[in-house]
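In what follows, a single structure is set out as structure tokens and then discussed.
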Amino acid sequence: MTRHMPEQARREQILSAARRCFIENGYHPTRMDDIAKAAGLSKGGVYFHFKSKQDVFDSLVDEEFAQSMAFLRGVNAGDRPIGEKMQGIGQHFLDYFAQAPDAPRFFVVMGEMALRDAQVTKKLVEMQTAFIAEVTKLVEQGIKEGIFRDVDPPAVAAMLKALVDGVEGLNAIGYPLDVPRYLAASLDMLLEGLRKR
């Protein structure tokens with residue numbers, strides 16, 4: 001018998017187990033039985049919190065998005081100069097990859113699902129659009145401060161997002177990344193490329 005836990009803690013337990021299952025086995029081969037076993041619960045215990053495997057997956061995607069957006073919106077809400085903000089974002093991703101080494105692999109699972117499921121595709125496009133809109137604000141701030149050249153902010157923001165996604169993809173397949181080194185090189189390339197001469 002499993003001990004009683006607050007509902008949110010139990011949901012997090014299930015989501016953590018599901019993330020491992022999806023990463024190790026892929027979405028389609030994973031069954032609710034697998035998630036229940038990985039969480040140390042009965043299948044009924046999982047169904048009490050989630051109506052389906054898709055519901056579990058959607059919750060994981062929503063959680064990833066909510067964390068990313070909360071961070072970016074917090075950065076944009078601050079009044080620090082753009083250089084400090086960009087350094088802070090770089091450090092955030094450095095910490096993120098160190099603390100959640102499987103996160104890039106789940107990113108790949110999300111991409112795989114987007115290729116197979118139109119609803120997941122729609123959701124991920126909406127999320128990417130919102131993320132890029134927040135990064136666009138940072139680029140606009142850099143231009144306004146006279147630090148960045150007069151570039152196309154949404155296009156640059158989309159390319160910055162693609163850069164982060166590319167690093168995640170390399171990390172997911174096990175490419176040997178010295179993250180601090182690559183982060184420093186990326187920031188230098190970015191800031192020097194955008195810097196107003």
Stepwise side-chain contact (heavy atoms from CB on, under 4.5 Å) test for V135 and I89: CA-CA 10 Å; V135 178; I89 290 171; over 6 Å; no
Between [X] and [Y], does at least one N-O distance fall below 4.0 Å, as a salt bridge requires?
X    : Y    : answer
E140 : K144 : no
D34  : R31  : yes
R19  : E63  : yes
E7   : R11  : no

Pair listing, side chain to side chain donor-acceptor pair (under 3.5 Å) test, anchored in residues 149-160, at least two apart: none
Flag if over 12 foreign heavy atoms under 6.0 Å of NZ, K37: no
Could you tell me which non-hydrogen atom of [X] sits nearest to which non-hydrogen atom of [Y], and how far apart they are?
X    : Y    : value
V56  : A18  : CG1-CB, 3.3 Å
T136 : A157 : OG1-CB, 3.3 Å
P153 : I143 : CG-CD1, 3.8 Å
C21  : A38  : SG-CB, 3.7 Å

Roughly how far apart are [X] [atom1] and [Y] [atom2], rounded to 0.5 Å?
X    : Y    : atom1 : atom2 : value
L138 : M86  : CG    : CE    : 6.0 Å
D165 : L170 : CG    : CG    : 11.0 Å
D58  : K123 : CG    : NZ    : 4.5 Å
F50  : I14  : CZ    : CD1   : 5.5 Å
H28  : D117 : NE2   : CG    : 7.5 Å
R105 : I173 : CZ    : CD1   : 12.0 Å

Set of residues satisfying side-chain contact (heavy atoms from CB on, under 4.5 Å) with respect to S52, sequence neighbours excluded: Q54, D55
Contacts of R181 that satisfy side-chain contact (heavy atoms from CB on, under 4.5 Å) - sequence neighbours left out: D178
Q87 and Q91 side chains, donor-acceptor separation under 3.5 Å: no
Do you reckon [X] sits in the same ILVMFWY cluster as [Y], going by side-chain contacts under 4.5 Å, direct or chained?
X    : Y    : result
I35  : Y47  : yes
F148 : M189 : no
I147 : V139 : yes

Side-chain contact test, heavy atoms from C-beta onward, threshold under 4.5 Å: evaluate it for [X] versus [Y] and give yes or no.
X    : Y    : value
M127 : D62  : yes
V61  : V120 : no
K137 : Q141 : no
L124 : M110 : yes
L60  : V109 : no

Residues that F48 engages under ring pair (Phe, Tyr, Trp, His ring centres under 6.0 Å), provided they are two or more places apart: none
By ring pair (Phe, Tyr, Trp, His ring centres under 6.0 Å) - contacts of Y27 (at least two apart): F22, F57
Worked verdict on E168 versus V108 for side-chain contact (heavy atoms from CB on, under 4.5 Å): CA-CA 9 Å; E168 267 194 296; V108 171; over 6 Å; no
Solution key, residues 65-82 side-chain donor-acceptor pairs under 3.5 Å, sequence neighbours excluded:
| residue | atom | partner | partner atom | Å |
| --- | --- | --- | --- | --- |
| S68 | OG | E64 | O | 3.3 |
| N76 | ND2 | E134 | O | 2.9 |
| N76 | ND2 | E134 | OE1 | 2.8 |

T129 side-chain N/O to V125 backbone N/O, donor-acceptor pair under 3.5 Å: yes
Short side-chain to backbone donor-acceptor contact, K43 and M32, under 3.5 Å: no
